[in-house]
Protein chains: 4
Amino acid sequence: MPKQKITKEEIIEIARQVFTKKGYHRTSMSEIAEICGILKGSLYHHFRSKEDLMTAAIDSFHKKFKEGAFSQVADPGLTTQDKLNMLINYSEKTYLEDEGSMMASIVLETINVVPGIAESIRTFFNEWIDNVSTILEEVYEREGARKIAKESIAAIEGSVMMMQIFKDESFLTRVHEGMRRRVNEKIRSLDLVENNK
Amino acid sequence: MPKQKITKEEIIEIARQVFTKKGYHRTSMSEIAEICGILKGSLYHHFRSKEDLMTAAIDSFHKKFKEGAFSQVADPGLTTQDKLNMLINYSEKTYLEDEGSMMASIVLETINVVPGIAESIRTFFNEWIDNVSTILEEVYEREGARKIAKESIAAIEGSVMMMQIFKDESFLTRVHEGMRRRVNEKIRSLDLVENNK
Amino acid sequence: MPKQKITKEEIIEIARQVFTKKGYHRTSMSEIAEICGILKGSLYHHFRSKEDLMTAAIDSFHKKFKEGAFSQVADPGLTTQDKLNMLINYSEKTYLEDEGSMMASIVLETINVVPGIAESIRTFFNEWIDNVSTILEEVYEREGARKIAKESIAAIEGSVMMMQIFKDESFLTRVHEGMRRRVNEKIRSLDLVENNK
Amino acid sequence: MPKQKITKEEIIEIARQVFTKKGYHRTSMSEIAEICGILKGSLYHHFRSKEDLMTAAIDSFHKKFKEGAFSQVADPGLTTQDKLNMLINYSEKTYLEDEGSMMASIVLETINVVPGIAESIRTFFNEWIDNVSTILEEVYEREGARKIAKESIAAIEGSVMMMQIFKDESFLTRVHEGMRRRVNEKIRSLDLVENNK
DNA sequence: TATGAATGAGTTTTCATTCAT
DNA sequence: AATGAATGAAAACTCATTCAT
């Protein structure tokens with residue numbers, strides 16, 4: 001009696017959430033299946049393996065991030081500050097909703113152990129760095145922009161971790177504030193130079 | 001063969017390294033035992049459970065950090081910059097040698113899943129924050145010092161994570177540079193104010 | 001090989017027999033699995049834990065006793081003696097076939113050690129006492145009936161134990177005879193009183 | 001530094017109590033050692049094996065019973081009732097203090113599994129039966145006396161079990177009362193016959 | 001005698017995965 | 001597609017026992 005009880009996308013979304021909360025190894029396939037309302041065996045109709053499911057979860061996260069944020073970085077109608085705010089707001093919303101970072105959880109558990117996944121994660125972070133960098137290049141020179149982008153994203157991931165330890169969201173919000181302030185100041189100083197001419 | 005093959009301290013040190021590299025759940029007791037050159041059952045002579053062993057590893061890490069770095073923060077013979085450098089050098093050395101942060105790995109794997117450990121981790125980070133804060137209070141007011149301390153430590157942990165993803169140590173060294181520069185600039189600005197009086 | 005090799009009921013029946021013969025702690029899950037012709041891991045598909053399996057065995061024993069004996073105690077077509085005989089025959093058959101009492105084994109091994117089980121066992125014995133009591137109330141007053149019921153069931157369990165020690169079934173059969181005789185005499189004495197009126 | 005911390009007799013007494021409470025398999029050598037205040041390894045100086053320790057516990061129980069009760073059955077200065085009372089009081093005290101019967105616990109756990117022990121237990125019960133029988137022969141004929149003795153001891157063991165299930169000592173005390181009453185009535189009836197001559 | 005480290009076989013339990021229906 | 005029984009390898013943990021000091 002084959003009747004679709006749940007779509008592949010819904011399973012991925014559930015898996016993403018559980019992986020984020022409990023980590024890769026502490027999450028069992030039967031647990032995901034149970035939350036999905038199907039049986040363990042049925043999961044294997046959609047995904048060949050747990051690794052496959054996790055890769056799908058990473059890709060889906062990446063895709064959502066792309067559509068929700070990265071895609072708008074090229075928008076010529078937005079100011080530098082608008083674009084940065086948009087990116088920051090998107091990631092803040094995501095990390096607060098998920099109460100953690102799936103990428104961070106999975107990286108540390110799998111990086112030395114499940115090599116196939118490392119690449120997906122690297123791809124995601126590279127693209128994030130590229131996007132922040134692109135925005136920053138509007139006010140910084142190329143090298144500096146990239147450095148700040150890397151630094152900022154590392155700071156975000158670190159603060160998400162601290163947020164989990166201390167159950168205190170201000171770690172994350174403060175990093176984001178710092179990023180905004182830094183760029184605002186830079187822009188003001190550039191404007192000053194401009195006006196002084 | 002009853003005679004002591006390995007000390008409790010040596011076991012803890014090995015466990016700490018393996019936990020850091022492979023994460024908590026991917027590390028099995030038999031694996032640790034094997035590296036120690038003893039049998040799985042013998043591990044349980046020294047530690048009642050895996051959680052117990054990990055707690056010992058965390059505490060040992062904490063203790064080493066305390067002895068190697070925190071203890072010198074109160075030294076009146078050192079300048080603010082010396083103390084900060086000392087702390088930074090110690091953590092940089094530790095994280096580069098271990099090729100990662102045990103605390104970060106364990107936090108993300110266990111925080112929502114093995115509650116007993118959360119407290120040990122919180123204690124460590126609180127103490128670290130306190131020590132950086134104490135140093136910074138020499139040049140910042142209290143509230144600001146604490147904020148910067150929290151921000152810095154979050155940034156360090158985040159950069160250690162990125163370091164593992166990209167196999168690129170510059171994430172970590174650059175955060176440390178940033179911390180040094182920031183404080184140096186602050187001190188210079190304070191000196192300027194002093195001299196202008 | 002996915003298809004059903006053995007039903008849950010069959011597993012319970014096997015477990016019941018093995019638990020009765022070897023006791024709870026001397027019986028391992030792999031042993032039960034082996035007799036069932038499945039793997040240890042497959043047992044856990046049907047039962048969450050050893051305790052769960054044992055509870056199922058107790059409940060199944062209880063249910064059989066209920067269906068085979070307790071259910072007929074309310075039958076108005078039977079004389080007091082018939083009902084008592086029916087109950088006695090049923091328990092005698094059960095205990096001789098099993099060569100022991102699962103309840104007794106499990107009680108003594110688990111009562112101070114696996115608290116979850118105590119309740120199931122208490123429930124069974126309470127119901128047994130109630131049933132014997134109900135029959136006896138036809139010839140004794142309420143209080144006395146209950147006392148004799150408790151005494152009799154204790155005597156049965158003790159005799160099953162002695163039966164195992166001495167490999168001598170007469171311990172059990174003699175207790176049953178004693179119960180029958182006692183009631184018969186009582187009835188005769190009541191009839192005498194009746195006739196003398 | 002060999003200094004006697006605890007005597008062999010004290011260890012046996014402790015083992016006897018723990019075996020009674022928790023059963024044979026649920027009692028570990030380290031647990032007994034811990035209560036004794038010595039280390040597990042040291043237990044093996046006194047006893048070659050767990051089975052050896054348990055056999056010692058059984059023998060010690062048997063010996064105490066012998067000295068405390070059986071030895072007085074031959075006392076010509078006591079009446080039948082006195083002797084029976086003495087035996088009953090002794091066993092009642094023992095079973096209530098121990099909150100259970102070691103023999104019963106161990107029988108059911110080991111009878112089909114550790115054959116060496118079965119013999120010790122049979123010997124104890126045989127001797128107990130013999131002693132009760134000897135007393136009863138003063139008022140019953142030989143065969144009848146033995147039957148009642150067996151019946152009574154089975155009833156005692158069963159009631160000790162029920163006492164553990166229901167945490168209700170009256171199971172045991174009532175069996176003992178029943179034994180006393182039965183013999184008193186028999187004696188009274190014999191006296192009647194005597195007087196009627 | 002007592003210690004305590006080590007053993008090794010055993011226990012319960014978990015879990016990703018397979019597959020016939 | 002979904003089921004659910006079965007697998008088998010591996011996990012954490014237990015414990016009676018040994019033995020050099």
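Sequence lines set the chain letters: A, B, ... in the order given, protein chains first and strands last, and positions in each chain run from 1.
Using bins of under 30°, 30° to 60° and over 60° for the plane-to-plane angle, the ring pair H25(A)/H25(B) lands in the tilted bin. Between F65(A) and F124(A), the ring planes are perpendicular. Angles over 60° get that label, and only those under 30° would be called parallel.
Rounded to whole Å, the distance from NZ on K50(A) to P on dT18(E) is 15 Å. Between L39(B) atom CG and dA6(E) atom C1' there is a gap of 8 Å when expressed in whole angstrom units. Protein atom CZ of R48(B) is 17 Å distant from nucleotide atom P of dA12(F), rounded to whole Å. In this structure, Q4(B) atom CD and dA20(F) atom P are separated by 16 Å, rounded to whole Å. Between the C1' atom of dT1(E) and the CD1 atom of I11(D) lies a distance of 11 Å, rounded to the nearest Å. Rounded to whole angstrom, the span from the CD atom of E10(B) across to the P atom of dA5(E) amounts to 13 Å. Rounded to an integer number of Å, the gap from CG of D52(B) to P of dA12(F) is 14 Å.
The stretch residues 24-38 of chain C touches DNA chain E through T27(C), S28(C), M29(C), each having a heavy atom within less than 4.0 Å of the strand.
Within 4.0 Å (heavy atoms only), I6(C) reaches sugar-phosphate atoms of the nucleic acid but no base atom.
Within the structure, every pair that satisfies the side-chain hydrogen bond (donor to acceptor under 3.5 Å, both in side chains) test and touches residues 35-62 of chain B, not counting sequence neighbours, is listed here: H62(B)-E127(B).
When all heavy atoms of I32(B) and A15(B) are compared, the closest pair comes out as CD1-CB, 4.1 Å. Taking both residues in full, the closest heavy atoms of M102(A) and A57(A) are given as CE-O, 3.8 Å, listed atom of the first, atom of the second, then distance. For I165(B) against R122(A), the heavy-atom pair with the smallest separation is O-NH1, 2.5 Å. Contact detail for F61(C) and M103(C): the closest heavy-atom pair is CD2-CE, 3.4 Å.
Listed candidates were dT17(E), dC13(F), dT12(E). Nearest to the side chain of S49(A) is dT17(E). If you check dT7(E), dA6(F), dA16(E) against the side chain of Y44(A), the one that comes closest is dA16(E). Here the nucleotide nearest the side chain of H46(A), chosen from dA2(E), dT3(F), dA1(F), is dA1(F). Listed nucleotides dA5(E), dT3(E), dT17(E) differ in distance to H45(D); the shortest reach to its side chain belongs to dT3(E). Of the candidate nucleotides dA1(F), dC13(F), dA16(E), dC13(F) has the atom lying nearest to any side-chain atom of K40(B).
Dashed line: the shortest gap from a side-chain N or O of K5(C) to OP1 or OP2 of dA6(F) is not under 4.0 Å. Between S42(B) and dA5(E) there is no side-chain N or O to OP1 or OP2 distance below 4.0 Å.
Note that CD1 of I121(A) and CD1 of I111(A) are 5.5 Å apart. Values are rounded to the nearest 0.5 Å. Annotation: the span from I6(D) atom CD1 to C36(D) atom SG amounts to 4.0 Å, rounded to 0.5 Å.
Results of the salt bridge (Lys or Arg N to Asp or Glu O under 4.0 Å) test with D98(C) over R16(C), K64(C), K21(C) single out R16(C) as the only residue that passes.
Taking the C1' atoms of five terminal pairs at each end of the helix from dA2(E)-dT21(F) to dT21(E)-dA2(F), the two resulting helix axes are inclined by 10°, rounded to 10°.
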